[in-house]
2 protein chains.
Amino acid sequence: MREQRPFAEDLGFLLSRASGVIAKSASEALSPLGLRVRSYSVLAFVAEEPEGVTQRRLAALVGLDPSQIVALVDDLEDRDLVTRRPDPADRRNKRITATGGGHRLRDEARRRIDEAQAAHFDRLPPELLHELRKTLHGIAFPDNPA
Amino acid sequence: MREQRPFAEDLGFLLSRASGVIAKSASEALSPLGLRVRSYSVLAFVAEEPEGVTQRRLAALVGLDPSQIVALVDDLEDRDLVTRRPDPADRRNKRITATGGGHRLRDEARRRIDEAQAAHFDRLPPELLHELRKTLHGIAFPDNPA
DNA sequence: TATTGTTATACTCTATAACTATA
DNA sequence: TATAGTTATAGAGTATAACAATA
């Protein structure tokens, strides 16, 4: 009879708990800005694409169903953080781009996120953080070994 | 102006995506057994405590609010996987213990979970998995450096 | 008064299917 | 016919407050 690892050491369980801790702290950091983790993720990806992104691509980037992107973009658009315009070349596509205010809010959000995460990651050596990033990326995107 | 790391490399984002991938695969592995990730977590912790666990402690172990444990234990109890009995010494406490069937289902669930996780973790060297476990534990339980 | 378990409620997140407009 | 975006809906997960029984 082999010795069994306690469930508290199960990698899936630990991943879930650690992810929950970070998400909660991110959520609290973003709350004063009127952003949630998901709307911030959308804004962050949009702000990195000067040419704009389609909602389909946004869905793939964030890891949500395209139908869920609609309300997130609606909210950001209502607050003039992004614009949503049909692509003249293919009018089925909407190109989402960040406004000046969107970029500024994204910057402020990132500062807060970084500060919140520092409390969790600060004591870990940089090489370990680098390796953690690589490992998590491999798990999250098994087909895309960057 | 410093070079900024793309959001796709944000540790919180990667943690969330990786955790989601593993949770989805665990969910699919457990589904044929009529278990979800949360009910399996409860069952797994209960099965490790021959003396039984209070629901309060269970909540702390799994990382849920005590009010959420009620329905989970209700379901497991209805299926005769656990028993729920008042502690004679302090009748406010309920001692939750796993039945024979509970232990058997837990074993089968663990086999399936291990198999599902192997697909994600197999190619990672054991030392890295050990370090990952340690790192995630440190993030999830900052006060309890085991 | 404090603690355990419980109920109730509301909100967020997730998953899915069906519709529209364009191609 | 295929694709992008949209709407609607139901289910699961999460957070909070209040209550009964017991200490």
Side-chain angles (χ1 to χ4, degrees), chain A residues 12-13 15-17 19-28 30-31 34-42 46 52-78 82-97, chain B residues 12-13 15-17 19-28 30-31 34-42 46 52-78 82-97:
Chain A
F13 173 72
L15 253 178
S16 166
R17 291 297 299 264
S19 170
V21 165
I22 301 301
K24 180 166 189 174
S25 127
S27 182
E28 286 163 359
L30 293 174
S31 162
L35 289 173
R36 306 177 180 288
V37 172
R38 288 169 49 172
S39 49
Y40 167 64
S41 302
V42 168
V46 171
V53 210
T54 68
Q55 296 187 188
R56 216 81 190 182
R57 171 148 171 74
L58 218 34
L61 285 169
V62 184
L64 295 174
D65 191 88
S67 67
Q68 298 178 41
I69 298 294
V70 178
L72 294 168
V73 171
D74 279 351
D75 174 60
L76 296 174
E77 190 184 28
D78 287 346
V82 306
T83 63
R84 174 200 254 145
R85 278 171 301 199
D87 181 345
D90 180 343
R91 302 193 38 253
R92 288 175 305 183
N93 289 326
K94 310 280 175 74
R95 303 202 76 78
I96 317 299
T97 52
Chain B
F13 173 71
L15 209 40
S16 166
R17 290 297 299 263
S19 170
V21 165
I22 300 301
K24 180 165 190 178
S25 126
S27 183
E28 287 163 359
L30 293 173
S31 164
L35 288 173
R36 305 178 180 286
V37 171
R38 288 169 48 170
S39 50
Y40 168 62
S41 303
V42 169
V46 171
V53 211
T54 68
Q55 296 187 186
R56 217 82 189 179
R57 173 149 169 72
L58 218 35
L61 285 169
V62 184
L64 294 174
D65 192 87
S67 67
Q68 299 178 40
I69 298 293
V70 179
L72 292 169
V73 171
D74 280 350
D75 173 59
L76 296 174
E77 192 184 27
D78 287 346
V82 306
T83 64
R84 174 199 255 144
R85 277 172 302 200
D87 181 344
D90 181 343
R91 302 195 35 255
R92 287 175 305 183
N93 289 326
K94 309 280 175 73
R95 303 201 77 76
I96 317 298
T97 52

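Order of the sequence lines sets the chain letters (A, B, ...), proteins ahead of strands, with each chain counted from 1. Just so it is clear, the values below take in all heavy atoms, side chains as well, and ignore hydrogens, waters and symmetry mates.
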Less than 4.5 Å apart, side chain to side chain, heavy atoms only: is that true for B/N93 and B/R56?
no

Spacing of B/L15 atom CG and A/I22 atom CD1 [to the nearest 0.5 Å]:
6.0 Å

Does B/K94 make a side-chain N or O approach to OP1 or OP2 of C/dT6 shorter than 4.0 Å?
yes

Picking from C/dA21, C/dT4, C/dA17, which would you name as closest to the side chain of B/N93?
C/dT4

With sequence neighbours excluded, residues passing side chain to side chain contact (heavy atoms under 4.5 Å, CB included) with B/P86
none

Heavy-atom check, side chain of A/V42 versus side chain of A/Q68, under 4.5 Å:
no

For atom NZ of B/K24 and atom C1' of C/dC13, their distance in whole Å:
14 Å

Need one value for B/R57: base, sugar-phosphate or nothing, where a base atom within 4.0 Å counts as base even if backbone is also close, heavy atoms only.
nothing

Rounded to whole Å, please give me the gap between CG in B/L72 and P in C/dG5.
14 Å

Tell me, please, which residues at least two apart from A/E28 pass side-chain hydrogen bond (donor to acceptor under 3.5 Å, both in side chains).
none

How long is the line joining CD of B/Q68 and P of C/dT9, in whole Å?
17 Å

Are A/I96 and A/E77 close enough that some pair of their side-chain heavy atoms sits under 4.5 Å apart?
no

Could you tell me the separation between the CZ atom of B/R91 and the P atom of C/dT6, rounded to a whole number of Å?
13 Å

Which nucleotide span of DNA chain D, 5' end to 3' end, has atoms closer than 4.0 Å to non-hydrogen atoms of chain B?
D/dA12 to D/dA23

What is the distance, to the nearest angstrom, from the CG atom on B/D87 to the P atom on C/dT3?
17 Å

From CG of A/L35 over to P of C/dT12, roughly how many Å is that when rounded to an integer?
14 Å

The answer to which of A/R38 and B/R95 contacts DNA chain C further toward the 5' end, by nearest nucleotide, is B/R95

Is the backbone of B/A23 close enough, under 3.5 Å, to the side chain of B/S27 for a donor and an acceptor to pair up by distance?
no

How close or far is atom C1' of C/dT6 from atom CZ of B/R92, stated in whole angstroms?
15 Å

Quick one: on DNA chain D, does A/R56 or B/D65 contact a more 5' nucleotide (nearest heavy atom)?
A/R56

Provide, to the nearest angstrom, the distance between the CG atom belonging to A/L30 and the P atom belonging to C/dT12.
15 Å

